[in-house]
Amino acid sequence: MNISKTLFKLLSRCQNAPSLYNMYINRGFHDVKEINGLDLDNIKKELLTIKEEELSDELLDLETSIFSNMFDDESGDDLTVVTPAQLEAFQDTFIEVEKLAAQYIEKIFDNKVISSTNTYDQKKYEYSHNGNKYYCYLDIYLEEKNKLKIFEVKATTSKKFDEIHFQTKSQTPMYPVFKINDTTKIMEYKVNDFIGITLDDKLITEDFILGKLKKQFDRYSPCGKYFYDIAIQRHIIEESYKSTGKEIPEIDYYLVVLNHEYIYDGKTENGKRIYNTSVDGQELFKIYDVNYITKIYQDLIYKERDNFDKNSERLIVVNNCLGEHCRYKKNDQCKFFNICHAPVFIEGSLLEFTNKKNCFKHLTKLNKSKKRERISMYELINNGIYTMKDSLIYTEDIDQKIEYNCYINNEQYIDKENLNFLINQIKYPIYHLDFESYNCPLPRFYGEKPYRQSLFQYSLHVEKSPGDCEIDNSNGKYHYEFLAPDHNDHRRTLAEQMIKDIDLSNGGTVLAYHADFEKQRIKELIDLFPDLEKELKQILDNVFDLEKVLHAGEKFYKSIDPSYSLAGKPKYNFYDINLHASFSIKKLLPLFTNLTYSDLEVQNGTEAILVYGMLPELTKEEYNTKYLALKEYCRQDTWSMVKILEGLRNLIK
């Protein structure tokens with residue numbers, strides 16, 4: 001088998017992955033010997049003597065549960081291929097990031113790099129082991145005499161890497177492990193500088209630091225997944241030299257990411273953005289020396305390769321190896337997630353608890369303080385507990401019990417007192433506000449950073465008194481909107497129009513759903529346009545979060561009334577089983593109205609980003625259709641807020 005770096009990350013996840021992959025590439029049970037205790041070898045022998053219509057129900061059910069989640073029954077389309085929306089929206093930008101990174105590396109190292117954005121033009125390394133061929137390609141590298149510098153470019157930002165630190169104990173200083181070398185401009189891993197010295201009366205050893213930094217050596221952690229990726233590359237490169245008997249040259253490994261502190265000055269040449277050094281000396285990229293980290297990872301990779309060898313020989317599927325490695329609802333969710341989790345995709349599933357990680361406790365296991373030890377959702381699932389109903393004895397969280405009771409008793413939970421208290425904080429007129437933004441990896445306009453949520457649209461419904469609002473603007477007083485007509489900078493026009501549309505001279509409330517997003521965008525507008533600060537600050541100070549009306553912690557209540565205490569009370573003011581662990585507007589809307597997003601051309605924020613991104617490439621007719629679709633989608637968001645608030649008012653009457 002040919003195993004790329006990406007495929008190795010899939011096949012080394014768990015015991016089931018090699019077996020499922022074998023079935024996937026062969027579109028049948030093929031070499032797999034056992035599935036959840038069902039001996040396929042014996043069944044395959046029986047298949048030689050019986051007709052297809054005589055196959056056991058057990059085998060047919062098994063075949064359906066596995067392959068219907070791999071391939072579409074009618075079209076045969078591969079259902080395991082899911083392209084993250086961000087990759088689709090910014091595919092060209094990611095290519096541009098690699099090109100710009102190569103230019104920056106040449107500047108820093110004063111040497112010409114070898115690079116290509118076409119994988120098959122890149123330098124390839126490979127080696128064979130146990131009948132498998134492992135291989136990888138180099139994005140960017142520098143060759144010198146008996147030296148090699150390898151650069152892995154990732155279109156993520158530097159903030160999480162700069163924040164890696166260790167402490168000797170709580171309340172002592174935090175010691176960052178990456179520090180910039182002012183001469184080379186490389187972010188160097190400075191752990192060795194601490195080993196053998198005394199900090200805060202503590203002798204620092206390598207084991208001590210590695211213990212403190214264990215998250216960085218977790219292949220699924222926010223930083224660890226990038227280090228692990230380069231570590232696999234290091235493994236393949238160095239094994240390829242060993243396999244040919246060649247001496248391994250001196251190799252340095254670097255991670256290159258976007259600098260989260262870089263601010264674009266807006267400069268362009270011939271219509272193309274020029275990312276010069278910013279006024280405060282920041283560059284668009286940061287380069288991290290990951291030699292030490294990738295070396296530490298090698299033991300794990302050899303262990304995973306050995307486990308893969310064993311699992312490839314056994315080729316069995318078990319029903320109790322689910323865990324964090326499945327990466328539920330993450331961008332790197334396992335390709336075969338739906339297959340392994342099929343037994344859990346039922347009404348009242350454990351997956352429908354909003355808090356899945358920290359709210360289960362073991363009946364019998366006690367820790368040193370004689371308190372019940374926590375047990376994860378996956379531990380329960382692996383032991384055959386799939387539903388809320390079966391989890392009661394493990395459930396102690398007060399909000400989780402509300403979800404449980406709503407499911408078991410088919411009821412809604414309503415705290416009228418808290419709902420009434422919070423709704424009374426919302427003063428009329430109400431300006432229901434929703435933003436749409438474009439979080440491009442490369443900053444597009446003056447004052448933006450990488451991945452800045454660049455505003456291009458808002459919708460505003462004005463509710464002058466309870467129920468005094470309409471969905472459209474036919475009479476010119478209920479609905480207002482702005483949508484950038486192209487990819488030029490329209491942020492000031494948006495800000496000025498919003499100030500005009502939101503008239504708080506006689507009071508009122510700016511209502512948003514999950515309002516932290518709208519608040520942050522308004523703060524960014526204030527930074528960009530200080531002459532509009534007074535008007536924008538007034539809008540910002542009057543923003544209220546509709547989502548918090550449904551569920552909020554004590555901190556939110558105390559921001560309204562310092563004497564309020566949530567002690568012993570649930571965070572929920574409202575819950576319904578049909579929310580299925582989500583408080584999104586799209587889940588709430590059917591509970592209060594017959595409105596739906598399903599008949600809209602643009603149905604969610606991700607699609608809005610995709611459609612906005614393609615506007616410059618469309619014909620006039622296509623443009624008009626898509627432009628209108630964006631308006632309809634954003635208008636639906638704010639009109640939905642009007643109807644949800646109306647529904648909540650009715651609950652407390």
Checking Phe151 against Tyr104 for the ring-ring contact (aromatic ring centres under 6.0 Å, His included) test, could you report, in this order, the C-alpha distance in whole Å, the side-chain angles of both residues, the deciding distance, and whether it holds? CA-CA 11 Å; Phe151 305 88; Tyr104 178 68; 10.0 Å; no
Parallel, tilted or perpendicular: ring planes of Tyr328 versus His341, cut at 30 and 60 degrees: parallel
Mind running ring-ring contact (aromatic ring centres under 6.0 Å, His included) on His235 and Tyr228 for me, showing each step along the way? CA-CA 10 Å; His235 168 85; Tyr228 175 76; over 10 Å; no
Main-chain N/O of Arg491 paired to Asp489 side chain as donor or acceptor, under 3.5 Å: yes
Run the salt bridge (Lys or Arg N to Asp or Glu O under 4.0 Å) test on Lys160 and Glu163 for me, step by step, so that the C-alpha distance in whole Å, both residues' side-chain angles and the decisive distance to 0.1 Å come before the verdict. CA-CA 5 Å; Lys160 53 185 165 290; Glu163 291 177 347; over 6 Å; no
Check: Pro443 main-chain N/O paired with Tyr275 side-chain donor or acceptor under 3.5 Å: yes
Report yes if some heavy atom in the side chain of Glu524 is under 4.5 Å from a heavy atom in the side chain of Leu455; otherwise report no. no
Give the ring-plane orientation class for Tyr134 versus Phe308, where under 30° counts as parallel, over 60° as perpendicular and anything between as tilted. perpendicular
Can a donor-acceptor pair be found, under 3.5 Å and without considering hydrogens, that links the side chain of Gln122 to the backbone of Ser116? yes
Carboxylate-amine/guanidinium contact Glu601 Lys626, below 4.0 Å: yes
Donor on one side chain, acceptor on other, Glu126 and Ser240, under 3.5 Å: no
From CA spacing to verdict: side-chain contact (heavy atoms from CB on, under 4.5 Å), Arg327, Cys334: CA-CA 6 Å; Arg327 308 297 289 153; Cys334 179; over 6 Å; no
Once rounded to the nearest 0.5 Å, what's the spacing between atom SG of Cys14 and atom CG of Asn307? 11.0 Å
Given salt bridge (Lys or Arg N to Asp or Glu O under 4.0 Å), test Glu96 with Arg273 step by step and report yes or no. CA-CA 11 Å; Glu96 182 67 14; Arg273 297 181 183 91; over 6 Å; no
Measuring only between side-chain heavy atoms, which start at C-beta, is Ile237 closer than 4.5 Å to Leu138? yes
Asn311 and Pro18: which non-hydrogen atoms are nearest, and at how many Å? CB-CG, 3.8 Å
Determine, stepwise, if the pair Asp280 / Ser278 fulfils side chain to side chain donor-acceptor pair (under 3.5 Å). CA-CA 5 Å; Asp280 60 350; Ser278 64; 2.4 Å; yes
Who pairs with Glu622 by side chain to side chain donor-acceptor pair (under 3.5 Å), at least two apart in sequence or on another chain? Thr619
Given Glu283 and Lys185, is the salt bridge (Lys or Arg N to Asp or Glu O under 4.0 Å) satisfied, shown in steps? CA-CA 10 Å; Glu283 299 283 359; Lys185 304 303 180 184; over 6 Å; no
Report yes or no: is the cationic atom of Lys123 (NZ for Lys, CZ for Arg) under 6.0 Å from the centre of the six-membered ring of Tyr125, at an angle within 45° of the ring normal? yes
Checking salt bridge (Lys or Arg N to Asp or Glu O under 4.0 Å) for the pair Lys9/Asp332: CA distance, chi angles, key distance, verdict? CA-CA 10 Å; Lys9 287 192 285 187; Asp332 56 346; over 6 Å; no
Go through Glu239 and Tyr302 one step at a time and tell me if the side-chain contact (heavy atoms from CB on, under 4.5 Å) criterion holds. CA-CA 11 Å; Glu239 283 297 307; Tyr302 280 115; 2.4 Å; yes
Determine whether a donor-acceptor pair (N or O, by modelled atom type, separation under 3.5 Å) exists between the side chain of Ser158 and the backbone of His260. yes
Quick check against the 3.5 Å criterion: does Tyr612 have a side-chain atom that pairs as donor or acceptor with the backbone of Ser437? no
Would you say that Met187 contacts Ile180 through its side chain, given a criterion of any heavy-atom pair below 4.5 Å between the two side chains? yes
Side-chain (Glu436) to main-chain (Ala608) donor-acceptor, under 3.5 angstrom: no
Does any part of the side chain of Gln520, heavy atoms only, come nearer than 4.5 Å to the side chain of Phe435, both counted from C-beta? no
Hey, mind stepping through Tyr288 and Asp162 against side chain to side chain donor-acceptor pair (under 3.5 Å) and telling me if it holds? CA-CA 10 Å; Tyr288 292 82; Asp162 291 347; 2.5 Å; yes
Spacing of Leu442 atom CG and Leu284 atom CG [to the nearest 0.5 Å]: 6.0 Å
Calculate, to the nearest 0.5 Å, the distance between atoms NZ and CD belonging to Lys242 and Glu238 respectively. 6.5 Å
Quick one: does Leu203's side chain get under 4.5 Å of Thr198's, heavy atoms only? yes
Of all heavy-atom pairs linking Asn16 and Val317, the shortest is OD1-CA, 3.3 Å
Look at the side chain of Gln233 and the backbone N and O of Tyr137, then say whether any donor-acceptor pair between them is shorter than 3.5 Å. yes
Intermediate values then yes/no, side-chain contact (heavy atoms from CB on, under 4.5 Å), Met1 and Leu11: CA-CA 12 Å; Met1 186 191 305; Leu11 298 181; 3.9 Å; yes
Any non-hydrogen side-chain atom of Thr184 less than 4.5 Å from a side-chain atom of Ile287? no
Contact between Ser115 and Glu98 at the side-chain level, heavy atoms closer than 4.5 Å - yes or no? no
Scan side-chain atoms only and decide if Glu188 and Asn181 contain a donor-acceptor pair under the 3.5 Å cut-off. yes
With a 3.5 Å distance limit and no angle check, can you tell me whether Asn270 reaches the backbone of Lys272 through a side-chain donor-acceptor pair? no
After noting the C-alpha distance and the side-chain angles of Phe161 and Tyr189, does the key distance pass the ring-ring contact (aromatic ring centres under 6.0 Å, His included) rule? CA-CA 10 Å; Phe161 304 105; Tyr189 196 68; over 10 Å; no
Residue pair Pro441 / Phe90: nearest heavy atoms and the distance that separates them: CD-CG, 3.6 Å
Please report the shortest heavy-atom distance between Gln216 and Phe227, naming the atom on each side. O-CD1, 3.7 Å
Working to the nearest 0.5 Å, report the span between NZ of Lys212 and OG1 of Thr168. 7.0 Å
In this structure, which one of Tyr254, Tyr297, Tyr253 forms a side chain to side chain contact (heavy atoms under 4.5 Å, CB included) with Ile230? Tyr253
With no hydrogens and no angle check, is any side-chain donor or acceptor of Asn382 less than 3.5 Å from a backbone partner on Leu322? yes
Between Arg452 (side chain only) and Phe445 (backbone N and O only), is there a donor and an acceptor less than 3.5 Å apart? no
Between Leu255 and Tyr226, is a side-chain contact (heavy atoms from CB on, under 4.5 Å) present by the stated rule, with each step listed? CA-CA 8 Å; Leu255 172 65; Tyr226 296 103; 4.3 Å; yes
Write down the atom of Ile232, the atom of Ile301, and the distance for their closest heavy-atom approach. N-CD1, 3.5 Å
May I ask you to decide whether Glu106 forms a salt bridge with Lys112, counting only side-chain N to carboxylate O separations under 4.0 Å? yes
Quick one, Phe456 and Leu615 - any side-chain contact, counting heavy atoms below 4.5 Å? no
Of the non-hydrogen atoms in Leu213 and Phe166, which two are nearest, and what is the gap between them? CD2-CB, 4.2 Å
